[in-house]
Amino acid sequence: MAEVIGGIGISHSPSMGVEYDKANGTRENFDDRWGAWYDGCAGVRELLARLDPSHLVVVYNDHLNYFDLDNYPTLAIGVGDGFRQADEGFGLRDLPDLPGDASWGIHLTEHLVANDFDMTVSQDLAIDHGIFSWLPYVSDPAWPVPLTPIAVNMIRQPLPTQRRLRDLGLALRAGIEAMPTDDRVLVIATGGMSHQISGGRFGLANARLDRRFLETLPTELDALVALPREEYVRYGGTEAAELSLWFTMRAALSERARSLYSFHTVPQITGCGALVMAEPGVLERIDPPMEEQTS
Amino acid sequence: MPTTPTDAATAPDPGGAQLDAPPTDLDEPGTIGFTPRRALAGASLNRFALSLRSESNRAAFLADEEAYLARYGVPAEQRDLVARRDWTALLLAGGHLQAILKLAAASGGTLLDIGAHNVGCDRGVLATACPRLIDGLPERMP
């Protein structure tokens with residue numbers, strides 16, 4: 001059976017992609033602000049390579065780049081063997097499409113619907129900066145690992161509750177463990193940290209809130225879920241509502257999963273951070289323990 | 001093509017070059033909620049703006065804005081806001097930020113043009129002021 005080996009929470013933003021392209025992905029071409037993001041992501045890149053997953057489940061939010069308001073799904077799953085890039089209005093970036101695996105999409109859809117998550121099924125999903133902005137910072141653009149994308153409504157009120165997004169993580173874990181393959185699955189959630197990109201509060205960011213979130217998510221999920229969304233929005237901006245996607249990742253891991261790495265920076269407008277977690281023993285099975293490596 | 005409105009009636013007074021830290025209340029104009037009523041009021045406006053996700057539509061719109069807007073049935077008062085690129089009024093009229101951003105992109109602008117208009121300051125002032133850091137925490141934050 002397939003296994004959940006760990007999870008990543010990571011923020012996304014259009015600027016992340018713009019800056020990556022401007023710098024041609026080369027460290028010395030980034031300015032100091034985005035260099036800090038690049039450097040922080042190096043830790044994620046290294047752990048992602050060591051964890052060596054064979055499939056990714058990526059929980060993200062679309063920004064009206066594929067879906068539109070005439071029909072807006074609360075929870076949608078991409079089912080197919082590949083996912084193209086969405087044109088966000090500025091033209092396409094020079095990046096390859098994302099590899100999918102239809103058998104994973106079919107399996108997870110069946111499992112989730114059987115467990116009361118009435119997924120919208122997207123057979124022709126195009127994906128925006130929700131995934132494409134951070135991915136080249138942590139993985140080479142040949143995209144070696146297929147993924148199953150799950151899109152969460154962060155556009156149109158009412159948004160799914162924080163409790164529901166936590167429960168989605170629980171259902172995903174059970175669904176992954178019911179897959180009759182020996183895949184090693186990493187659950188990734190991506191949502192901006194503190195930011196607000198409209199209204200008089202445009203540009204609001206809160207590094208203290210973001211850092212506290214990164215520190216407490218591994219061990220205090222229930223308390224974070226219980227905190228009203230309005231409070232995240234008040235202190236973190238309207239788009240900090242996207243932090244609730246990170247609950248799905250945390251809930252998809254066991255209680256014993258632990259944090260391996262986190263970092264935070266505020267390059268421009270958006271609080272940006274990442275958290276890498278793994279199930280106990282997963283890294284040790286791959287690599288010799290650190291003591292043995294250094295002795 | 002104006003990317004920064006010059007005659008926008010809804011832009012607040014620019015004030016000084018320094019921006020205050022954003023407040024923690026969730027009222028307008030600090031926060032412009034995309035309510036279900038706004039979503040309905042902006043249905044054709046958003047349909048129009050999201051059509052600009054394709055290059056051929058962007059070209060067709062820029063070639064004849066009036067005719068293009070008419071095809072989407074955008075009401076006259078909202079067509080006027082589009083013509084003036086009155087970003088703040090477009091959001092208040094039911095345009096979703098992520099949809100209106102497609103209009104800014106097609107017009108050679110960016111998110112900062114919308115933001116500066118919302119805040120009521122020069123684009124450069126806003127770019128310098130960002131991130132506008134606050135450091136409060138919710139009372140029950142673990």
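Letters A, B, ... are given to chains in the order of the sequence lines, protein chains preceding strands, and every chain is numbered from 1.
- Judged purely by atom type and a 3.5 angstrom limit, A/R234 uses its side chain to pair as donor or acceptor with the backbone of B/T24.
- By the salt bridge (Lys or Arg N to Asp or Glu O under 4.0 Å) test, A/D87 pairs with B/R58, sequence neighbours left out.
- Heavy atoms closer than 4.5 Å to chain A are found in the side chain of B/L126, but not in its backbone.
- Contacts of B/L111 with chain A are made by both backbone and side-chain atoms, with heavy-atom separations under 4.5 Å.
- B/L91 is listed as a side-chain neighbour of A/S198, based on a closest heavy-atom distance under 4.5 Å.
- Remark: A/E88 CD to B/R53 CZ distance equals 10.5 Å, nearest 0.5 Å.
- B/L50 contributes atom CG, which lies 6.5 Å from atom CG of A/L69 (distance to the nearest 0.5 angstrom).
- B/F34 places none of its side-chain heavy atoms less than 4.5 Å from the side chain of A/Q157.
- To the nearest 0.5 Å, the span separating SG on B/C130 from NE2 on A/H195 amounts to 12.0 Å.
- In this structure, the side chains of B/R132 and A/I269 stay at 4.5 Å or more apart for every pair of heavy atoms.
- For A/E215, no part lies near chain B; criterion is any non-hydrogen pair under 4.5 Å.
- To the nearest 0.5 angstrom, A/F90 atom CZ is 12.5 Å from B/E55 atom CD.
- Residues of residues 93-100 of chain B having a heavy atom under 4.5 Å from any heavy atom of chain A, listed by number: B/H96, B/L97, B/Q98, B/A99.
- Residue contact with chain B, scored on non-hydrogen atoms closer than 4.5 Å, is absent for A/L92.
- Heavy atoms of B/N46 lying under 4.5 Å from chain A belong exclusively to its side chain.
- Residues of residues 200-208 of chain A lying under 4.5 angstrom from chain B, judged on non-hydrogen atoms, are A/G200, A/R201, A/F202, A/G203, A/L204, A/A205, A/N206, A/A207, A/R208 by number.
- For the pair B/R47 and A/D70, the salt-bridge criterion is met [side-chain N within less than 4.0 Å of a carboxylate O].
- Looking only at side-chain heavy atoms (C-beta outward), A/L209 and B/M141 come within less than 4.5 Å of each other.
- Here the straight-line distance linking atom CZ of A/R156 with atom CZ of B/R38 works out to 13.0 Å at 0.5 Å rounding.
- Proximity to chain B (any heavy atom under 4.5 Å) is shown, for A/D210, by neither the backbone nor the side chain.
- Annotation: side chain to side chain contact (heavy atoms under 4.5 Å, CB included) contacts of B/E66 (sequence neighbours excluded): B/D64, B/R79.
- Atoms CD and CZ, on A/E231 and B/R140 in that order, are 8.0 Å from each other to the nearest 0.5 Å.
- A donor-acceptor pair is defined here as one N or O able to donate and one able to accept, closer than 3.5 Å; such a pair exists between the side chain of A/R212 and the backbone of B/P142.
- In summary, the side chains of B/T31 and A/Q196 do present a donor paired with an acceptor at a separation below 3.5 Å, with no hydrogens or angles considered.
- There is no contact between A/Y72 and chain B, counting heavy-atom distances below 4.5 Å.
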